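Reminder, nothing fancy here: chain letters follow the sequence lines and each chain counts from 1. Note that the structure is a prediction, hence the values are computed from the model and not measured. The basis for the numbers below is simple: all heavy atoms, side chains too, and nothing from hydrogens, waters or symmetry mates.
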Protein chains: 2
Amino acid sequence: MSDPTFAARPTLEEVAARAGVSRATASRVVNGSDGVRAPLVERVRAAVDELGYVPNQAARTLVTRRNGAVAVVVAEPETRFFADPFFAQQVRGISKELTAHDNQLVLLLTEGVADYERVGRYLAGGHVDGALIFSLHDDDSLPVMARKAGVATVIGGRPGWSDAEPGPTTLYVDCDNRGGARDAVRHLLNLGRRRIAHIAGPLDQTASIDRLDGFRDMLPHIDPGLIAEGDFTPEGGSLAMELLLERFPDLDAVFAASDMMASGALRVLRQRGLRVPQDVAVIGFDDIVSVAEWTDPPLTTIRQDIEEMGRMMARLLLRALEPSATPGAVSALTPIITPTQLVVRASA
Amino acid sequence: MSDPTFAARPTLEEVAARAGVSRATASRVVNGSDGVRAPLVERVRAAVDELGYVPNQAARTLVTRRNGAVAVVVAEPETRFFADPFFAQQVRGISKELTAHDNQLVLLLTEGVADYERVGRYLAGGHVDGALIFSLHDDDSLPVMARKAGVATVIGGRPGWSDAEPGPTTLYVDCDNRGGARDAVRHLLNLGRRRIAHIAGPLDQTASIDRLDGFRDMLPHIDPGLIAEGDFTPEGGSLAMELLLERFPDLDAVFAASDMMASGALRVLRQRGLRVPQDVAVIGFDDIVSVAEWTDPPLTTIRQDIEEMGRMMARLLLRALEPSATPGAVSALTPIITPTQLVVRASA
DNA sequence: ATGAAATAAGAGAGCGCTCTCACGCAACGC
DNA sequence: GCGTTGCGTGAGAGCGCTCTCTTATTTCAT
């Protein structure tokens, strides 16, 4: 009963027989191509319903060379994938967009370099039409692999390299990290803060670099000691905050490159008896609502529409997959930078 | 260049030609079936390497009726899937086990009932060999759908019904919620606590019910007012804690049905100036390390090995998929209940 | 009415693979 | 020596579908 091979699925042939047409015509109806007369369409539709026909994807793929599936590849060197709500939201966006276009999402989690080879094989095996890659570090070989495997690719976040060789540009979706960081610092400046520190993310990721650059844009002559590197986790934020406080007990504002780190910083500030925002103003980045709204005090932050970025990644990939996209490449197949937005709550 | 149809993959035929054998023999080598003489094996292997041959999954599926893919279906009525690290860890476990057996993970996220139909079609379409279902509420129709679609299924967590009709039992993996809850209460009792409250999870989920039952096992004559229903979120935990404190200002212990809710309860306790564990002992459930170790004070809790449960779900499904499993069903195709373990930290 | 053009439907090849079956050839017993 | 067994290999069918090409039918201009 539960044997998957048991339930004899009806084939197109049977549908055609029941409708009294040829397999070709049945196929035409099923695939919605026009040029079939109404009464026949009706009959085929009826047969499909009665038999409960569902096309066999494998057979279809075999001839069309299209899978209707997209891989989401996640490099997870530090078990961070799911821990960070960031990815989760992005995957949701991707999933929504993909299913809206009848594509499936194949999740490829990697752990360690051994898995990379497996992923490479999988991509090369033509199981999926394209790949959405989250590669956390800029020396990551995943995007290179995908390119070699010949699968269309969109990367989550600006990759760490710029296109050297001509040819198809590397497609990616990222938010305006630098601009967002500038907005954050500007807000602190407007608040009259003068001793502003920055808790950066890991500096081998472009998001961290870009946010740091934005910070520096506004404060060109800043003492480098006011910049501490974290790791996007609350603990990392705590550690960085402690370091900063030790170096500059008089600082009056902190811009953290993520909400997670900001929440860690908040904890340290509270322990030290420093009031937020009176003594030290704190501002985060991401606007992970479940974090930012629940810190004490609620976190002022830079919002990026993460789910929408996921959707855009999927949409971009789907566009790249369209046959028409391949030749001229005149269409708008370019990286996408989404805007950010300052969300003022209580912490700054 | 990025055209997926462009890269002309070598076929088995070509491999065979290059190795000077028949397609059948090449297939035998590729699939590792014995009965091929060593020198030929060598030659075919060489040809595979030189050509960079990767089997075409679609063609293979067409004849074997096996996809090498498993769907992970997640009902997400309240956007909870990723927010809760619980699922994330389980998915990791699943992913590991699946890839270890060369199976792919197809992620099916659902939002609202409209998606259910889509999922049903997909499962019925024979795209996957089996399904792992996380259905949060016991009236969920997802498992029923899967059964109707004839795909082997394993459910995450005890389903809310018991097998009425004979036939294949409903397979699921769950931890010993009831036993774990008993352990938690026993620990509090051993600590000398006498006024023990319970923050339950949503009572339309079996996990919540079972934990509540375990609580009651140890305290049969408890005042029902000492039980408050939460929703597995920190906020829900806070609300429940406030309610409980209002009803019983003298309570000296709280057993929360999840770490998330416990962390919310902790916050309220701190705000009220109640010391943990001196005034009120708190104990959670799940042992989400990133939460339990970082609360103030660190949380005593009941551990369940979530990742391992994910692995077991995958393993169980894979076993159910083996042809040998279908007929006699003599093998151990039964639900799995994993043990829990008390982890003592500072909060109780 | 007749032929050309347009349109609808069918026939059939073939996608790349697995697997059954038939065949060839060595080793064995009589 | 011949028939028998057994093992290794090849031939070929066929999985369910799409799509091109061909054939049948209709429409319209002449």
Side-chain angles (χ1 to χ4, degrees), chain A residues 4-45 47-48 51-69 102 124-127 129 323, chain B residues 4-45 47-48 51-69 102 124-127 129 323:
Chain A
T5 67
F6 183 77
R9 289 191 185 307
T11 70
L12 231 209
E13 192 78 55
E14 299 175 56
V15 171
R18 186 176 191 108
V21 299
S22 74
R23 187 159 24 88
T25 298
S27 173
R28 280 188 266 261
V29 173
V30 168
N31 293 294
S33 67
D34 46 353
V36 180
R37 252 190 280 265
L40 288 197
V41 172
E42 248 351 279
R43 273 176 23 218
V44 172
R45 290 244 170 88
V48 166
L51 262 32
Y53 170 77
V54 182
N56 180 318
Q57 183 64 29
R60 203 176 247 181
T61 296
L62 189 55
V63 26
T64 59
R65 272 117 202 305
R66 268 298 220 114
N67 295 83
D102 269 318
H127 297 86
D129 300 326
Chain B
T5 67
F6 182 78
R9 287 188 189 308
T11 70
L12 231 209
E13 191 77 55
E14 299 176 57
V15 171
R18 185 173 191 112
V21 299
S22 74
R23 189 161 20 90
T25 298
S27 172
R28 281 189 265 262
V29 173
V30 168
N31 292 295
S33 68
D34 45 355
V36 179
R37 252 189 280 265
L40 287 198
V41 172
E42 247 352 279
R43 264 161 47 204
V44 173
R45 290 245 171 85
V48 165
L51 262 31
Y53 170 77
V54 182
N56 180 318
Q57 182 64 30
R60 200 176 249 181
T61 297
L62 189 54
V63 27
T64 59
R65 274 119 198 305
R66 268 297 221 111
N67 294 81
D102 269 318
H127 297 87
D129 300 326

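Along DNA chain D, the stretch of nucleotides lying under 4.0 Å from any heavy atom of chain A spans, 5' to 3', D:dG16 to D:dC19.
Proximity of A:Val30 to A:Leu12: side-chain heavy atoms (C-beta onward) are separated by under 4.5 Å at one or more points. Residues A:Val54 and A:Arg9 fail the side-chain proximity criterion, which asks for heavy atoms closer than 4.5 Å.
A:Arg18 and A:Leu51 make their closest contact through NH1-CD1, 3.3 Å (heavy atoms, listed as atom of the first residue, atom of the second, distance). Nearest heavy atoms, B:Arg66 versus B:Thr61: O-OG1, 3.1 Å. What you find for B:Leu62 and A:Ala59 is that their closest heavy atoms are CD1-CB, 3.5 Å. In terms of heavy-atom proximity, A:Arg45 sits nearest to A:Val29 at CG-CG1, 4.3 Å. The nearest pair of heavy atoms linking A:Val36 to A:Thr25 is CG1-CG2, 4.0 Å. For the residue pair B:Leu40 and B:Val21, the shortest heavy atom distance occurs at CD2-CG1, 3.9 Å.
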Name the pairs: protein N/O against N/O of nucleotides 19-26 of chain C, kept only if under 3.5 Å.
none

Identify the pairs formed between an N or O of the protein and an N or O of nucleotides 5-8 of chain C at a distance under 3.5 Å, and give each distance.
from	atom 1	to	atom 2	distance (Å)
C:dA8	O3'	A:Arg37	NH2	3.3

Determine, stepwise, if the pair A:Arg60 / A:Asn31 fulfils side chain to side chain donor-acceptor pair (under 3.5 Å). CA-CA 11 Å; A:Arg60 203 176 247 181; A:Asn31 293 294; 3.1 Å; yes
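Distance check: B:Tyr53 OH to B:Glu13 CD gives 10.5 Å after rounding to the nearest 0.5 Å.
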